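Take a look at the structure below.
In listed order, ligands and their atoms are each counted from 1. Note that this is a predicted model, so its numbers are computed, not measured. In this chain, numbering begins with 1 at the start of the sequence shown.
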Amino acid sequence: MAVVGDSLFLSRQIFAKKHGFLVKNQFYGVSVRIPSRTYSGIRVRDRIECVRSTLQVNLEEEVKVSRSFPFPEGFLGMDVVSERELKEKGFMGMRKTKLVCTIGPACSSLEELERLALGGMNIARLNMCHNSREWHSDVIRNIKKLNEEKGFCISLMIDTEGSQMHMVDHGGASSVKAEDGSIWLFTNEKFDGSRPFTVQANYEGFSEGITVGDELVIDGGMASFEVIQKVGNDLRCKCIDPGLLLPRAKLSFWRDGKLVGNNFGLPTLSTKDWADIDFGVSEGVDFIAVSFVKDANDIKHLKDYLSKRSSDFIRVLAKVESLESLGNLEDIVEASDGIMVARGDLGVQIPLEQIPAVQEEIVHICRQLNKPVIVASQLLESMIEYPTPTRAEVADVSEVVRQYADALMLSGESAVGSYADKALSVLRMASGRMELWSRQENRHSLLSQCQLGVALPDRIAEQICDCSVEMANNLGVDAIFVYTRQGHMASLVSRNRPNPPIFAFTDNSSTRMALNLQWGVIPLHVELSDDMEDNIQKTFDLLKTRGMVKEGDVVLVIADVTPTCATPSVFQSIKVKTVV
Ligand SMILES: Nc1ncnc2c1ncn2[C@@H]1O[C@H](COP(=O)(O)OP(=O)(O)O)[C@@H](O)[C@H]1O
Ligand SMILES: C=C(OP(=O)(O)O)C(=O)O
Ligand SMILES: [K+]
Ligand SMILES: [Mg+2]
């Protein structure tokens, strides 16, 4: 590994030998951060040429090995599941809503992960609350192995633990019952094993600002207590609503129907979270989901940190799961690369009956501001234990799809459940059915006019995407092809939720993995040249050889690949082409 102060080689071959490898004289496998410019991605060849002329360049930080497998000639990177779906069901049969699975002990072996991959998992989520980094690292290795060897395209997400008040495990018991009227001591004092009627909180300041008469709610309503005495930092409480205390159950305090002491000034990212983030960077994950985001600064701070640490563009998702985040929603959405509606903790901080409306509002704002949104938690909760979902659960999943969220997420259903594959297939079936219904019934909810871009090229891009989707729907084209480096145009097209699938061609590896989260987008890898006609012909030929398009298919083509020598507006284009 090169470090700060190292100088950089002269020849491509020597560089490759040290930090990557050459295949057919093409350079693969590393990205390099050089002062004032980042050289990243797969095709470093041209960039190496320009570095060559500088002769000696100080590396700003260590050279990082990123996406490390060489793409063979003609590599498209279309995941085998989408390819199979296309061949079996045609363009219109392709699923649009993306699926995220939380990986836990019930699905972490290579075989189990492959079953989820075959079932349509687009993103694997690793919840850093649980298990060791070594364990997560093994899962990441397995997912990368499946991508490289079996042709899947599964993106990786880590989810931070965040600073949250909860009970610590109580001496191995899976749960403890709190009976009506029983008196309990809540303390931060550490003790081994279990003590009757004593609960240990994870955070020493947990009782700060709490007064006699406040209500202590466990896991958003599993059980409730009234604070009857404050003894130093400890709280003596009487159970007023009996229930189960599970390991790591969440604690929240209420006064006059309002949440009090919102995590008491704990930082959004703890020391452990920063270490987990560094772990994610070194493992080359695609997304970092930040728990308990309070405001946009939390996100800006992390994005700034990542831009200095990683030469890959790691997307930062904000989890909306606190009262505070709801107050700063638009700013948070704007600052982040996507949102997770984390209904689990949200249900601890706001009354449950408010969740459906809040969810719909967040999904709507994300679409307006062009950010992907995941709806998470308890979608199919009963399937942790049972092989079929309840009718209410299927209705909930379908409602998320009807609202046009980008992705659905499994938590315990896949992480610890007995029927992970079945739960995934319920998501697949329910989303496919609701998407079809929405199309057939023409239920498109049109975007309300909301101009995102300010500069002319951005406004042009937006107009092209809005109009092209109207065109694609009216003409009934088979597919939309978007040529894009950063994925912006692909996401603008996705935002309009078109009837046909969106094939997004990019030469940027992190763009390809990030687009996995976007509704209706099938990300593909292609070497993009400045000659757009050539790009289009090349991809048509490739897809035709693979049997994915055939003569007579009609494709709407949008280009967003701007040659360095031209002004952007000249090259953003839209055309309809028939495959010949
Ligand atoms: N990596 C893991 N190792 C062990 N258990 C896990 C892991 N990830 C998730 N789980 C289990 O799955 C459950 C549901 O996952 P999730 O919703 O992500 O977490 P939580 O319930 O803690 O918010 C967790 O409560 C935990 O029991
Ligand atoms: C997804 C969520 O976060 P976590 O599982 O990390 O608590 C949630 O609270 O809904
Ligand atoms: K988490
Ligand atoms: Mg949460």
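- Remark: Asp219 does not engage Lys250 in a salt bridge, criterion side-chain N to carboxylate O under 4.0 Å.
- Counting protein heavy atoms only, atom 11 (C) of ligand 1 is closest to Val416 CG1, 3.5 Å.
- Closest to atom 23 (O) of ligand 1, if we only count protein heavy atoms, is Lys250 NZ, 3.9 Å.
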Test side-chain contact (heavy atoms from CB on, under 4.5 Å) applied to Leu259 and Ser252, step by step | CA-CA 7 Å; Leu259 194 70; Ser252 58; 3.8 Å; yes
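- The protein non-hydrogen atom at the shortest distance from atom 19 (O) of ligand 1 is Asn127 ND2, 3.1 Å.
- Proximity of Met340 to ligand 2, defined as any heavy-atom pair under 4.0 Å, is confined to the side chain (atoms from C-beta onward).
- When heavy-atom distances to ligand 1 are checked against a 4.0 Å cut-off, Arg125 comes that close only through its side chain, counted from C-beta outward.
- Residue contacts with ligand 1: Ile103 is included, with a non-hydrogen atom under 4.0 Å away.
- Looking from atom 1 (C) of ligand 2 to the surrounding protein, the closest heavy atom is Ser377 OG, 3.5 Å.
- A salt bridge does not link Asp406 with Arg367: none of the charged nitrogens is closer than 4.0 Å to a carboxylate oxygen.
- Distances from ligand 2 to the non-hydrogen atoms of His166 include no value under 4.0 Å.
- Under 3.5 Å, the side chains of Thr268 and Asp298 contain a donor-acceptor pair of N or O atoms.
- Close approach of ligand 2 to Lys250 (heavy-atom distance below 4.0 Å) involves ligand atoms 7 (O).
- Between the choices Glu413, His130, Glu381, the shortest heavy-atom distance to atom 2 (C) of ligand 1 belongs to His130.
- Between Asp345 and ligand 2, a contact under 3.5 Å exists for at least one N or O pair.
- Atom 15 (O) of ligand 1 has its closest protein heavy atom at Gly412 N, 3.9 Å.
- Annotation: atom 17 (O) of ligand 1 to nearest protein heavy atom, Ser411 CB, 3.2 Å.
- Contact annotation: Glu161 has no heavy atom less than 4.0 Å from any atom of ligand 2.
- Geometry about the K ion (ligand 3) gives an angle of 110° between OD1 of Asn127 and OD1 of Asp159, rounded in steps of 10 degrees.
- Look at Glu435 and Arg95 and you find no salt bridge, because none of the NZ, NE, NH1 or NH2 atoms lies under 4.0 Å from a carboxylate O.
- Looking at Val285, Leu116, Leu156, Leu110 one by one, the single match for side-chain contact (heavy atoms from CB on, under 4.5 Å) with Ile143 turns out to be Leu156.
- No part of Leu346 comes within 4.0 Å of ligand 2, judged by heavy-atom distances.
- With hydrogens left out, the protein atom closest to atom 5 (O) of ligand 2 is Arg125 NH2, 3.1 Å, a heavy atom.
- Distances below 4.0 Å separate heavy atoms of His136 from the following atoms of ligand 1: 1 (N).
- The single protein non-hydrogen atom nearest to atom 1 (N) of ligand 1 is Trp135 CZ3, 3.1 Å, given as residue, atom name and distance.
- At a 4.0 Å heavy-atom cut-off, ligand 1 touches Ala415 through the side chain alone.
- Atoms OG and CH2, from Ser491 and Trp519 in turn, are 13.5 Å apart once rounded to the nearest 0.5 Å.
- Between the Asn127 side chain and the His130 main chain, no donor and acceptor come within less than 3.5 Å of each other.
- The shortest N or O to N or O distance between Thr102 and ligand 1 is not under 3.5 Å.
- A donor and an acceptor atom, one from each side chain of Gln403 and Gln359, are located under 3.5 Å apart.
- Using a 4.0 Å heavy-atom cutoff, Lys319 is listed among the residues neighbouring ligand 2.
- Neither the backbone nor the side chain of Met128 comes within contact range of ligand 2; no heavy atom lies under 4.0 Å.
- Near Glu321, meaning under 4.0 Å from one of its heavy atoms, ligand 2 places the atoms 2 (C), 3 (O), 8 (C), 9 (O).
- Looking only at heavy atoms of the protein, atom 4 (C) of ligand 1 is closest to Pro105 CD, 3.2 Å.
- The shortest contact between atom 3 (N) of ligand 1 and any protein heavy atom is with Asn131 ND2, 3.0 Å.
- Between the CZ atom in Phe186 and the CZ atom in Phe197 there is a gap of 12.0 Å [rounded to 0.5 Å].
- At a cut-off of 3.5 Å, with distance as the only test, a side-chain donor of Glu393 or Ser382 sits close to an acceptor on the other residue.
- Numbered from 1 in the order shown, with element, the atoms of ligand 2 that lie under 4.0 Å from a heavy atom of Ala342 read 1 (C), 2 (C), 8 (C), 9 (O), 10 (O).
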